Amino acid sequence: MLDLNSIRNDFPILNQGFIYLDSAASSLTPEQVIIKETEFYRFYRANIERGVHRWSQKASEEYEKAHELVSKFINASGSENIAMLRNTTEGINLVANSLDWKKEDKIVTTIIEHHSNFITWLRVCQKHGCKLNVVASTPEGIFDLNDFEKIIDDNTRLVAITGVSNVLGVITPLKDIIQIAHEHGTVVLVDGAQLVPHLKTDVKSLDVDYLSFSGHKMLGPTGSGGLYIADELLEQTEPLCIGGGTITNVNVDSYELATSPMKFEAGTPAIAQVIGLGEACNYLNKHGIDNVANWDHVLAKKLVEGLLEIDRVKVYGPLDPKQRVGLATFNIGDMNPHDVALTLDTEFNIGVRSGHHCALPLMKELFQLNEGNVRASTYLYNTKTEIDTLLMAVEKIANQ
Ligand SMILES: Cc1ncc(COP(=O)(O)O)c(C=O)c1O
């Protein structure tokens, strides 16, 4: 069980009378993480890996410690399997730009993807002439595994799929899909932006090849994120950028790249942010990611059931809260979702997101929604009372 009182004390930003239900876009940051991040600026602000002096040594030590913490958080074997990057999008782009694509390659993705895990593959296909196959889902975001069985073949180079939809909240059957892909020697990239912050993610038991995730959605600072790369792919995955820090030797006519993770982290990294992300992992470990997931289900149940009871409200995504994280999207009749979100902010002090949530193919193909919908998303600091307040506000708006 989460200790909500103690958790909320760690987030003084919550004491402003504003209900924050937009954690799927970016989560809040606890004091512990802010303190850890600012310690770097206050006490040992120096570049890493390049200095023999004490501040550089301390900064390097803290950076490496954080790297290790992040790798343990997803049960990777070690830091060499994680490139610390800015966000999920950067990790996906790294993979898209680092494989030697051939015309006959096929890429499989799905209709429920965020643009970061969709247009990136469209671009690869446009550039290299390969083919993009898009697997359909039900309007709830539920897949028929037979569709993956049918579409993935020996020419499929990569399957790119989200772990959790940022619109429908639905949790995808990653293990099954990865198994199908591996039967054909196909590599799988998981978009973990909404997965890693909410559900225990074990890269070993998932047997995933690439996993990209964002630190700023899991209590960490903005500008922090990671890309997990499985052992077998470390060698063939090319870095996106090279330069300082990525080499072991340089001559006038040649260079030798360092091993991972150095080869992926060109130039001065986001040192303070990575150190902060390490502390965010400590924080989530302390409270237990399984407890976070259980609380998600409690809030999701309340949210979805409550919304369904309000006249004129349509809820998107699966109705069973066990199939989703703490996230629900909805519309009120034919009201513009931006108007609903603005009213929730100005009249009820509630922050939600509205629009297409960077998932236009999903909005258009599954719902023919041009303006998108309203999204309320929770995290470990949200309370049932906050959900009640949202429901009461939505009901008032619906009855206006
Ligand atoms: C499912 C999903 N994928 C990718 C992203 C992109 O994350 P970032 O902006 O941190 O790169 C998001 C952000 O909302 C997301 O929800």
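For ligands, and for the atoms within them, numbers begin at 1 and follow the listed sequence. Along the sequence shown, residues are numbered consecutively beginning with 1. The model shown is predicted, which means the values in this text are computed figures rather than measured ones.
- Phe143 meets the ring pair (Phe, Tyr, Trp, His ring centres under 6.0 Å) test with Phe148; sequence neighbours excluded.
- The shortest distance between side-chain heavy atoms of Ile112 and Thr172 falls below 4.5 Å.
- For ligand 1, residues of the protein lying within 4.0 angstrom by heavy-atom distance are Ala24, Asn87, Thr88, Thr89, His114, Ser116, Thr162, Asn166, Asp191, Ala193, Gln194, Ser214, His216, Lys217.
- His356 is linked by a ring pair (Phe, Tyr, Trp, His ring centres under 6.0 Å) to His115, counting only residues two or more places apart in sequence or in another chain.
- Through ILVMFWY side-chain contacts below 4.5 Å, Met262 is grouped with nothing and stands alone.
- The backbone N or O of Glu113 lies less than 3.5 Å from no partner atom in the side chain of Asn117, so there is not a single donor-acceptor pair.
- Relative to the ring axis of Phe40, Lys36 does not place its NZ or CZ within 45° and under 6.0 Å from the centre.
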